[in-house]
Amino acid sequence: MDSQFQQEQEQLNNVKKVIQHEVDKLDSKTRQRKEEVIHSRKHFWDEIKINVDSFDDYLETVLAIRQEAQALAVSETTHRHSFQRLSTLQQMLDVPYFGRIDFLEEGDSQSEEIYIGISTLRDETGENILIYDWRAPISSVYYDYQPGPAQYKTPGGVIKGELEKKWQYLIRNGELQSMFDTSLTIGDEILQEVLGQGTDKYMNSIVATIQKEQNRIIRHDRGRMLIVHGAAGSGKTSAALQRIAYLLYKYRENLNADQIILFSPNTLFSNYVSNVLPELGEENMQQVTFQEYLYHRLSNDFAVEDPYDQLEYVLTETGRPEYDARVSSIRFKASAQFLDVIQAYVKSLEKSGMVFKDIKFRGEPIVTAQEMEEFFYHEDLSLGLQYRLEKLKDWLLDKVRALEKLEWKKEWVEETIELLSDEEYYKAQKYLAKKAGYTRENSDDYDMDTKALARLIVRQRLRSVRKRIRSLRFVDISAIYKQLFENHGKIQELVDGESPKDWPAICEVTLQELEQGRILYEDATPFLQLQDSIFGFQANRSIRHVVVDEAQDYSAFQFEFLKRLFPAARMTVLGDFNQAIFAHANEKDDFQELTQLYGPDKTEVINLTRSYRSTKPIIEFTRRLIPEGDQIIPFNRDGERPALTTFENHDELHAEITSKVSELKDQGNESIAIICKSAAETEKAYEALSDIEELKMLKSSSIEYEQGVVVLPSYLSKGIEFDAVIIYDASEKVYGDESLRRVFYTACTRAMHGLQLYSVGEPTNFIEQAMEEGFLKNKPVTRKHG
């Protein structure tokens with residue numbers, strides 16, 4: 001084994017020399033290309049002669065600008081690719097590869113040694129591959145097979161052969177630490193070492209520890225939708241990000257990062273995962289939260305409620321008189337049934353119910369809402385809404401043109417001309433001279449016609465009216481949406497089945513917010529669905545792949561909307577119904593309903609049941625918090641059992657947490673989370689725990705996840721992991737309602753190495769089973785708090 005180890009170290013040294021040689025060459029080229037880009041930007045206009053005297057001169061100028069811009073774009077792209085490759089090679093100096101397979105292809109007499117790393121590396125001749133990219137077809141053998149018969153797919157067909165050996169390497173700072181000849185996909189030694197490390201402020205790549213079931217997700221390439229239902233800590237998000245890297249590698253000729261969009265649960269999470277693709281030498285995909293999209297579309301007309309504000313209401317406002325109606329409203333408006341209501345309502349608008357706004361100029365109506373309604377419904381009712389709106393728009397523009405011919409003769413125009421400044425008068429003359437065919441040199445010879453000036457003033461004043469008409473702002477979408485709730489009986493004409501029993505109360509809650517210029521989170525997507533069904537969907541056909549993380553937090557309504565928003569895209573959906581903490585979540589524990597979005601024949605569901613994030617004692621505890629938790633399989637990584645400590649008051653609690661944080665720091669934990677139920681509880685805890693050094697509070701508005709000691713609400717911890725987690729108050733008073741079981745489970749599953757629960761008073765009944773079976777230590781306080 002010593003000689004084998006020595007041979008492998010020599011192999012590693014030789015590979016490092018090739019990488020270093022490539023780094024040195026590319027470093028020089030990258031610096032040169034950077035200087036070229038800077039020079040091109042600095043002297044962009046030097047080579048361009050601006051001349052617009054004639055149309056030919058103007059065209060020549062435009063072509064020259066375009067040519068220079070294209071040359072600059074090519075230089076920038078070349079520099080960006082060189083810089084990305086240089087960054088990848090520099091990473092490979094530390095860890096050139098992590099695995100090797102000895103594969104004997106059918107028909108060959110000698111096996112080939114295939115070293116696998118984060119990127120392909122050829123020798124200095126360029127003819128031989130020293131390292132294969134983990135995404136290359138042959139690399140799938142490493143993840144999918146034990147020694148024995150094996151095969152892999154290539155564009156030319158299936159290659160069969162024999163996997164003779166599989167090696168795994170632990171390399172740090174370019175030095176071979178250890179190596180394993182294994183018959184497992186990933187040897188426990190490697191995975192234990194990786195999982196036993198502390199957390200980082202960014203999620204890391206998992207290419208060295210990809211499991212067989214994760215590899216199936218990464219290389220999945222069929223149908224329109226892939227649904228990954230995975231237990232907390234099963235690596236579904238990591239696998240999805242490697243999947244994006246794989247797609248960018250496989251389809252690099254016709255797919256780029258800008259054509260992929262990831263919907264993240266919040267900006268904290270977006271920042272947390274932002275390092276994975278660059279670590280693999282790929283550009284980051286677009287990242288957005290669904291709330292950011294809603295805000296972009298609606299914020300000009302409404303104050304848009306945040307989903308976390310909605311959740312905060314559900315968690316903390318149970319005593320409000322309208323609470324039950326609001327929760328019922330959230331659930332109904334998230335359902336496929338309400339989507340049917342909106343679609344039926346749009347259909348009914350073809351016959352009646354469209355609401356318009358007066359088109360006014362100088363305080364007087366050009367066309368009234370009543371006149372627009374009469375014109376709209378005077379048209380052939382078999383014609384679609386969008387076609388009739390186009391005809392109405394053209395009719396309104398004709399009315400504006402007719403008004404323009406009359407308006408320029410009025411007294412207000414004459415008064416406006418008299419009040420023009422010299423500068424305004426000069427600009428008007430230049431503009432009219434140009435329209436009359438005068439050049440810039442002889443425009444002063446133009447004798448401005450007062451009538452032409454009057455018409456110009458009227459046309460400019462009417463510009464905003466025309467803009468409003470062209471953008472269909474004469475349609476009162478807000479009033480059309482309100483109509484659904486103003487007539488309580490209207491729902492019976494539209495709903496397929498029973499309407500909610502508290503529909504009148506739902507209507508009251510909805511109208512109250514809309515009247516005050518606010519739109520609730522549960523109303524935002526239905527409102528956009530209604531608007532786009534009337535005006536035409538603002539579809540984005542450039543996006544080729546959509547990834548939705550924490551999919552259990554999205555409603556059936558929202559998924560249907562995303563499908564229509566990105567009609568050319570395939571979709572990867574990741575979630576865990578045991579972490580479905582929003583009020584619209586149903587009791588189902590699978591994504592069966594979602595398989596209907598594109599149809600079962602175009603959809604595949606992959607279930608991940610093995611959890612890697614937490615130690616085995618933590619998973620043994622957390623899986624007893626939820627129904628069917630016995631299906632979750634813990635990875636065999638040892639650690640301390642979670643512990644519960646109960647106090648009589650909050651003063652004792654705060655003293656103990658302060659002491660516990662100090663103890664956890666001394667043990668080497670770099671990220672410690674104190675997780676509260678809500679933002680309100682988080683703020684109180686933050687104030688009370690001010691003695692903890694450098695304590696940070698995370699809010700829904702926080703942009704970056706920071707290492708250290710943080711206090712945060714349960715829902716912001718989703719998707720993030722911590723070395724140690726403290727549940728601030730796991731009491732029956734705080735977590736007594738069954739609806740909070742998933743919230744509690746989500747908070748507990750954030751812990752990698754240590755989990756401590758505290759309770760002021762009687763603890764929540766969620767933990768009874770774990771305590772009875774011995775998976776939670778009931779730890780008494782060993783010191784007095786004064």
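Values reported hereafter were calculated over all heavy atoms of this structure, with side chains retained and with hydrogens, waters and symmetry mates removed. The first residue in the sequence is number 1, and the count goes up from there.
- Without hydrogens or angle criteria, Q552 side chain to D576 main chain gives a donor-acceptor distance under 3.5 Å.
- The side-chain heavy atoms of V228 and V573, taken from C-beta on, include no pair separated by under 4.5 Å.
- Contact check on D221 versus R570 returns a salt bridge, with a Lys/Arg side-chain nitrogen under 4.0 Å from an Asp/Glu carboxylate oxygen.
- With a 6.0 Å cutoff to the six-membered ring centre and a 45° limit on the axis angle, K166 counts as a cation-pi contact of Y142.
- Ion pair E620/R624 flagged as a salt bridge, since at least one NZ, NE, NH1 or NH2 atom sits closer than 4.0 Å to an Asp/Glu carboxylate oxygen.
- The shortest non-hydrogen separation linking V15 to P96 is CG1-CB, 4.0 Å.
- Two residues are said to be in side-chain contact when any heavy atoms from C-beta on lie closer than 4.5 Å; S614 and T622 fail this criterion.
- Ion pairing of R613 with E721 is present here, as a side-chain N (NZ or NE/NH1/NH2) and a carboxylate O approach within less than 4.0 Å.
- One finds the CG atom of L226 at 5.0 Å from the CZ atom of R243 (value rounded to the nearest 0.5 Å).
- Atom CE of M752 sits about 9.5 Å away from atom CD1 of I618, to the nearest 0.5 Å.
- Salt bridge R252/E282: absent, no basic N to carboxylate O contact under 4.0 Å.
- R224 places no side-chain N or O within 3.5 Å of a backbone atom of D601 that could act as its donor or acceptor partner.
- In this structure, L255 and L248 have side chains that are in contact, with non-hydrogen atoms separated by less than 4.5 Å.
- The CD atom of Q596 sits 14.0 Å away from atom CZ of F559, with the distance rounded to the nearest 0.5 Å.
- In terms of heavy-atom proximity, P567 sits nearest to R564 at CD-O, 3.5 Å.
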* Evaluate the ring pair (Phe, Tyr, Trp, His ring centres under 6.0 Å) criterion for residues F103 and Y152: first the C-alpha distance (whole Å), next the side-chain angles of each, then the deciding distance (0.1 Å), finally the verdict. => CA-CA 11 Å; F103 185 74; Y152 62 94; 5.8 Å; yes
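- Side-chain contact between K16 and E175 is present, with heavy atoms from C-beta onward closer than 4.5 Å.
- Side-chain N or O atoms of K718 include none that pairs as donor or acceptor with a backbone N or O of N266 at under 3.5 Å.
- Inter-residue side-chain proximity for H229 and I606 is flagged as unmet; no heavy-atom pair is nearer than 4.5 Å.
- For the pair T572/V547, a side-chain contact is recorded, criterion being any heavy-atom separation below 4.5 Å from C-beta on.
- Under the 3.5 Å distance criterion, with hydrogens and angles disregarded, a donor-acceptor pair is assigned to the side chains of E604 and H220.
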* Would you sort out whether L176 and Y169 count as a side chain to side chain contact (heavy atoms under 4.5 Å, CB included), showing the intermediate values? => CA-CA 7 Å; L176 183 61; Y169 304 98; 3.8 Å; yes
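- Side chains of L625 and C748 form a contact here, defined as non-hydrogen atoms less than 4.5 Å apart.
- Side-chain atoms of Q20 and E22 include no donor-acceptor pair closer than 3.5 Å.
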* H753 and T615: CA distance, side-chain angles, deciding distance, side-chain hydrogen bond (donor to acceptor under 3.5 Å, both in side chains) verdict -> CA-CA 6 Å; H753 311 303; T615 61; over 6 Å; no
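- Ring pair F290/F561 is perpendicular by interplanar angle, where above 60° counts as perpendicular and below 30° as parallel.
- Residues S111 and E164 have side chains that bring a donor and an acceptor to within less than 3.5 angstrom of each other.
- Going from atom CG of N540 over to atom CD of Q259 covers 10.0 Å, rounded to the nearest 0.5 Å.
- At distances below 3.5 Å, at least one donor-acceptor pair connects side-chain atoms of S671 with backbone N or O atoms of D723.
- F621 does not carry R623 over the face of its six-membered ring by the limits of under 6.0 Å from the centre and within 45° of the normal.
- Aromatic ring centres of Y293 and F263: separated by at least 6.0 Å.
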* **Criterion side chain to side chain contact (heavy atoms under 4.5 Å, CB included) on N215 and S140, from CA distance to verdict** => CA-CA 8 Å; N215 195 44; S140 66; 4.2 Å; yes
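- Of all the heavy atoms in S714 and I675, the pair that sits closest is CA-CG2, 3.7 Å.
- The number of heavy-atom neighbours closer than 6.0 Å to CZ of R85, taken from other residues, nucleotides and ligands shown, is above 12.
- Among N128, T88, V18, I129, the single residue meeting the side chain to side chain contact (heavy atoms under 4.5 Å, CB included) criterion with L121 is V18.
- R750 places a side-chain N or O within donor-acceptor distance of the main-chain N or O of T746, the cut-off being under 3.5 Å.
- Relative to the six-membered ring of F635, R610 misses at least one condition, a distance below 6.0 Å or an angle of at most 45° to the axis.
- Side-chain atoms of M92 and I118, non-hydrogen and from C-beta on, do get closer than 4.5 Å to each other.
- In this structure, S234 contributes its side chain and A231 its backbone to a donor-acceptor pair below 3.5 Å.
- With rounding to the nearest 0.5 angstrom, the CG atom of L247 is 12.5 Å from the CG atom of N256.
- If you look at Y115 and Y132, their ring centroids are not closer than 6.0 Å.
- Looking at K165, its side chain never comes within 3.5 Å of a backbone N or O of D102 through a donor-acceptor pair.
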* side-chain hydrogen bond (donor to acceptor under 3.5 Å, both in side chains) between S264 and D549: does it pass, once the steps are laid out? -> CA-CA 6 Å; S264 301; D549 205 354; over 6 Å; no
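- Atom CD of E640 has 12 or fewer heavy atoms from other residues, nucleotides or ligands within 6.0 Å.
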* Walk me through it: do V273 and L262 pass the test side chain to side chain contact (heavy atoms under 4.5 Å, CB included)? => CA-CA 11 Å; V273 302; L262 167 64; 4.3 Å; yes
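- Taking every heavy atom of both residues into account, A747 and S717 meet most closely at CA-OG, 4.4 Å.
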* **N578/E628 under side chain to side chain contact (heavy atoms under 4.5 Å, CB included): CA gap, chis, key distance, verdict** => CA-CA 10 Å; N578 289 316; E628 300 182 19; over 6 Å; no
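- Just one residue in the list I159, D144, V141, V158 forms a side chain to side chain contact (heavy atoms under 4.5 Å, CB included) with Q151, and that residue is V158.
- Taking all atoms of both residues into account, the shortest heavy-atom contact from G148 to E162 is CA-OE2, 3.4 Å.
- The structure places CD1 of I19 at 11.0 Å from CD of Q91, a figure rounded to the nearest 0.5 Å.
- Judged by distance alone, with hydrogens and angles left aside, the side-chain atoms of E773 form no donor-acceptor pair with the main-chain N or O of A770 at under 3.5 Å.
- Taking the six-membered ring where the residue is Trp, W134 and Y143 present perpendicular rings, their angle passing 60° and hence far from 30°.
- Looking at E127, its side chain never comes within 3.5 Å of a backbone N or O of D123 through a donor-acceptor pair.
- Salt-bridge annotation for E8 and R100: present, with a side-chain N of the basic residue lying under 4.0 Å from a carboxylate O of the acidic one.
- Of the possible donor and acceptor atoms, one in the side chain of N13 sits under 3.5 Å from a partner among the backbone N and O of Q9.
- A donor atom on one side chain and an acceptor atom on the other are not found under 3.5 Å apart for Q7 and Q4.
- No more than 12 heavy-atom neighbours from other residues, nucleotides or ligands sit within 6.0 angstrom of CD on Q110.
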